[in-house]
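A short write-up of the structure that comes next.
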There are 2 protein chains.
Amino acid sequence: MEGFKHLVVVKFKENVAVEEIVKGMEKLVSEVDAVKSFEWGQDIEGQEMLRQGFTHAFVMTFDKKEDYTAFVSHPSHVEFSATFSTAIEKIVLLDFPSVLAKAPA
Amino acid sequence: MEGFKHLVVVKFKENVAVEEIVKGMEKLVSEVDAVKSFEWGQDIEGQEMLRQGFTHAFVMTFDKKEDYTAFVSHPSHVEFSATFSTAIEKIVLLDFPSVLAKAPA
């Protein structure tokens with residue numbers, strides 16, 4: 001799905017209840033119409049040198065950048081972010097218009 | 001799109017012709033049937049503290065993990081990887097079964 005992507009790659013702190021964090025994120029995206037789709041996953045290959053300690057990726061898709069901007073300032077996002085930021089050891093965020101170079105058949 | 005995801009987040013070296021690298025990657029995925037879809041993007045938000053120098057994200061989707069494994073050892077991938085690895089300053093790779101928690105309408 002093309003559109004504007006919000007990609008979050010994280011390493012959680014030890015002893016964090018990751019399932020609870022993910023549930024919170026799923027609740028968040030369900031509450032905000034601007035989020036058109038949401039996918040996430042946990043690395044299972046475990047090539048430590050290549051994943052650099054990061055374990056989880058979260059990808060939200062918006063129709064356009066303005067919808068992402070609105071999401072960032074949405075009260076539900078502001079509230080969730082406060083919790084999320086206490087749970088992570090490190091993070092990389094990338095926000096970009098997605099180029100669909102090969103489409104699903 | 002669910003399936004097995006291969007996520008690559010990179011910072012390219014200075015003076016690298018990124019467009020040529022992207023073209024090479026597009027050619028690669030077009031040659032390998034196992035790659036069901038391919039999306040990429042360049043961060044335009046530029047929140048340097050959050051993107052940590054990373055600028056580009058590439059996401060390939062496979063039907064299943066075995067297809068990803070086959071892709072990794074495909075001659076076209078092996079050849080491309082040799083070029084790609086000389087162009088990057090840093091990289092994070094995550095490989096994961098994707099959970100589609102909110103589907104596009």
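Below, chain A is the first sequence line, B the second, and so on; all start at residue 1.
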Report task. List the atom of Q42(B), the atom of F96(A), and the distance in Å for their closest heavy-atom pair. Result -> O-CB, 3.2 Å
Query raised in the report: Do you reckon F12(B) sits in the same ILVMFWY cluster as V92(A), going by side-chain contacts under 4.5 Å, direct or chained?
Result: no
Report task. Sort out for me which residue in L28(A), V35(A), V32(A) forms a side chain to side chain contact (heavy atoms under 4.5 Å, CB included) with K102(B). Result -> V35(A)
**Report entry** Flag, side chain of D43(A) to backbone of D95(B), donor-acceptor distance under 3.5 Å
**Finding:** yes
Report task. Would you indicate whether the side-chain heavy atoms of S98(A) and E39(B) approach each other to under 4.5 Å? Result -> yes
Report task. Kindly indicate whether the side chain of P97(B), heavy atoms from C-beta on, has any atom under 4.5 Å from the side chain of I44(A). Result -> yes
Query raised in the report: Can you list the residues that meet the side-chain hydrogen bond (donor to acceptor under 3.5 Å, both in side chains) rule with K64(B), with sequence neighbours excluded?
Result: D67(B)
Query - Proximity of residues 48-59 of chain A to chain B, residues having a non-hydrogen atom under 4.5 angstrom - result: L50(A), R51(A), Q52(A), F54(A), T55(A), H56(A), A57(A)
**Report entry** Members of residues 72-87 of chain A whose heavy atoms come closer than 4.5 Å to chain B
**Finding:** none
Query - ILVMFWY network linking I88(B) to L93(B), side-chain heavy atoms under 4.5 angstrom - result: yes
Report summary line: Note: S37(B) and A103(A) closest approach over all heavy atoms is CB-C, 4.2 Å
**Report entry** Contacts of type side-chain hydrogen bond (donor to acceptor under 3.5 Å, both in side chains), residue K27(A), not counting sequence neighbours
**Finding:** E31(A)
**Report entry** ILVMFWY cluster, V29(B) and F62(B) together (side-chain gap under 4.5 Å)
**Finding:** yes
Query raised in the report: Is chain A contacted by the side chain of K65(B), its backbone, both, or neither, given a heavy-atom distance below 4.5 Å?
Result: side chain
Report task. Check whether L7(B) gets within reach of chain A through its side chain, its backbone, both or neither, counting any heavy atom under 4.5 Å. Result -> side chain
Query raised in the report: Would you say K90(A) has more than 12 foreign heavy atoms packed within less than 6.0 Å of its NZ?
Result: yes
**Report entry** Same apolar cluster: F38(B) and F4(B), side chain cutoff 4.5 Å
**Finding:** yes
Query raised in the report: Going hydrophobic residue to hydrophobic residue with side-chain gaps under 4.5 angstrom, can you get from M25(A) over to L94(A)?
Result: no
Report summary line: So, the part of A101(B) with a heavy atom under 4.5 Å from chain A: the answer is both
